[in-house]
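Have a look at the structure below before the remarks.
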There are 2 protein chains.
Amino acid sequence: MNAGSDAPQARRRLPPEARTPQILRAALEEFAERGYAGARMAAVASRAGIAKGLIYHYFPSKEALFQATVHACTRPVFEEAERQLAGHAGPARDLLGSLVRIGYARIGADRQERILFRLIITEAERFPDLARFYRDEMLARATGIARAVLRAGVAAGEFRPEVADMPGLAEVVLAPVLMASVWRMILGETEAPAPESLRDAHLDLLLRGLSA
Amino acid sequence: MNAGSDAPQARRRLPPEARTPQILRAALEEFAERGYAGARMAAVASRAGIAKGLIYHYFPSKEALFQATVHACTRPVFEEAERQLAGHAGPARDLLGSLVRIGYARIGADRQERILFRLIITEAERFPDLARFYRDEMLARATGIARAVLRAGVAAGEFRPEVADMPGLAEVVLAPVLMASVWRMILGETEAPAPESLRDAHLDLLLRGLSA
DNA sequence: GGACTTACTGACCGTATGGTCAATAAGCAG
DNA sequence: CTGCTTATTGACCATACGGTCAGTAAGTCC
């Protein structure tokens with residue numbers, strides 16, 4: 001009951017390496033909730049529990065704060081999937097199954113990730129950096145994983161040979177997972193199509209469609 | 001060279017039924033380009049070639065204009081697909097093929113539609129009307145069409161029986177088309193995955209995955 | 001032509017918000 | 001304790017933008 005973690009701390013001085021991520025976290029929330037134009041610097045400050053002026057001590061402008069916020073999210077999003085991919089030994093269909101399951105699980109779990117995705121869709125046109133970031137750090141890595149699985153399946157004789165190098169197939173394979181996330185953004189978790197149904201139907205279609 | 005269609009018309013008076021759609025068109029452009037918060041009423045007026053005050057003669061507020069703009073888009077988006085569905089006689093796989101082709105063709109063609117979709121993703125959280133509109137007028141109708149095709153295929157013995165009523169399958173079937181549109185929003189037409197490749201891979205996967 | 005309705009204009013207002021800055025005090029070195 | 005650095009504040013601009021309104025003139029009916 002003494003040191004409330006979000007009480008109006010009376011001028012607690014922090015070193016930049018502690019204050020900066022705090023501001024970035026607050027900024028991500030605010031930008032995600034209101035979009036770039038709708039976000040207010042005063043609200044970011046309030047979320048971070050500091051005065052507005054302090055933000056400008058760390059970032060020269062709203063735009064700079066926005067860019068920094070996005071770049072701070074470059075953390076490896078696909079670590080788990082890539083680890084699975086590297087360490088897998090059994091049949092490719094099992095690998096595919098567990099990767100798809102990971103994908104749909106994240107949709108429900110990782111709020112941060114959906115927020116970032118929405119921000120990218122919303123602001124990509126005005127901030128080319130965002131589009132580049134999505135293309136290189138998210139789409140390219142995701143399709144890379146998908147393609148690796150497809151090739152592994154072909155190599156093992158489980159999938160028909162054509163799928164190893166069909167252009168666009170990797171994108172098509174993962175599109176339903178991404179749309180599940182988009183639907184959830186639009187409709188909310190109560191109204192959006194149930195992730196479990198999507199996952200099962202998706203997996204069923206994939207296994208039938210890819211098998212030799 | 002006399003009556004330039006977008007010259008600063010010197011106080012040309014128009015009946016409301018002519019002025020209203022002009023304002024709505026301008027508003028759709030502005031909202032699509034800047035989002036709700038970023039859109040400026042003065043810019044809408046300028047796009048429509050009128051004074052800002054006139055907008056308030058027709059719409060009481062920015063929010064009302066936004067709602068009206070969206071509702072004006074409720075035109076039957078799926079007319080073409082529904083006509084195809086009703087009038088089709090041959091094999092279900094051909095119907096499926098031609099519907100998928102229509103879907104990918106629209107992605108390239110109908111800018112208006114992509115704009116609306118983006119606006120929905122962007123603003124659905126703040127305007128529940130938008131989410132409802134998307135759910136009832138777009139998603140429900142699209143999945144309805146998909147489900148009808150699946151059932152027709154099962155009835156004709158072309159598709160395996162399970163696909164007639166698998167929950168979530170209709171959504172999974174059309175997800176790649178929608179994602180193609182989203183990718184195009186984010187990456188632009190030069191950087192986004194080629195619609196033709198996506199279409200071919202998508203169709204290949206579907207026919208293999210659904211067939212009996 | 002005169003009277004009347006109403007589409008239309010543009011100057012104006014209040015407020016919200018991005019950004020500035022001089023003053024303040026927290027932490028630290030001596 | 002004294003003095004220094006700099007993180008932190010909050011009052012303060014300048015401006016942009018949503019919204020208002022008194023006035024103007026385009027079209028129409030007689």
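Per chain, numbering begins at 1; letters A, B, ... match sequence-line order.
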* Counting N and O atoms only, with roles assigned by atom type, does the side chain of A/Lys62 sit under 3.5 Å from a partner on the main chain of A/Tyr36, one being a donor and the other an acceptor? ->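 Flag set: sc A/Lys62 to bb A/Tyr36 pair under 3.5 Å.
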Rounded to whole Å, please give me the gap between [atom1] in [X] and [atom2] in [N].
| X | N | atom1 | atom2 | result |
| --- | --- | --- | --- | --- |
| B/Glu30 | D/dC17 | CD | P | 10 Å |
| A/Met41 | C/dG18 | CE | P | 7 Å |
| B/Arg19 | C/dT9 | CZ | C1' | 12 Å |
| A/Tyr36 | C/dT17 | OH | P | 14 Å |
| B/Arg12 | D/dT24 | CZ | C1' | 18 Å |

* Ignoring hydrogens and angles, state whether a donor on the side chain of A/Gln22 or A/Arg19 is under 3.5 Å from an acceptor on the partner side chain. =>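 Yes, side-chain donor-acceptor contact under 3.5 Å.
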* Asked: Checking all strands, does B/Ala39 fall into the base, sugar-phosphate, or nothing category for heavy-atom contacts under 4.0 angstrom?
  ->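 Result for B/Ala39 = sugar-phosphate.
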* Select base, sugar-phosphate, or nothing to describe what A/Ala45 touches, counting heavy atoms under 4.0 Å on all strands. =>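 Here A/Ala45 touches no strand at all.
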* Asked: Do you know which of A/Phe31, A/Phe66, A/Phe133 makes ring pair (Phe, Tyr, Trp, His ring centres under 6.0 Å) with A/Phe127?
  ->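 Of all the options given, the one that passes is A/Phe66.
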* Asked: Should the pair A/Arg141-A/Glu82 be classified as a salt bridge under the 4.0 Å nitrogen-to-oxygen rule?
  ->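 A salt bridge is present here (some side-chain N lies under 4.0 Å from a carboxylate O).
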* To do: Select one nucleotide: of C/dA7, C/dG18, D/dA7, the one nearest the side-chain heavy atoms of B/Arg13.
  =>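 The closest nucleotide is C/dA7.
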* Among D/dT8, D/dT9, D/dC17, which is the nearest nucleotide to the side chain of A/Ala51? ->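 From the listed options, D/dT9 comes nearest.
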* Asked: Looking at B/His202, B/Arg199, B/Glu196, which one forms a side chain to side chain donor-acceptor pair (under 3.5 Å) with B/Tyr104?
  ->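 Answer to the side chain to side chain donor-acceptor pair (under 3.5 Å) test with B/Tyr104 among B/His202, B/Arg199, B/Glu196: B/His202.
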* Has the side chain of B/Lys52 got a donor or acceptor that lies under 3.5 Å from a partner of the other kind on the base of D/dG19? ->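 Per atom types, the contact qualifies.
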* Near-strand residues of residues 53-66 of chain B, defined as heavy-atom separation under 4.0 angstrom from DNA chain C ->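 Those residues whose heavy atoms fall under 4.0 Å from DNA chain C, taken from residues 53-66 of chain B in numerical order, are B/Gly53, B/Leu54, B/His57, B/Tyr58.
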* **Gap separating the NE2 atom of B/His57 from the CD1 atom of B/Ile50, nearest 0.5 angstrom** =>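 Output value for this atom pair is 10.5 Å.
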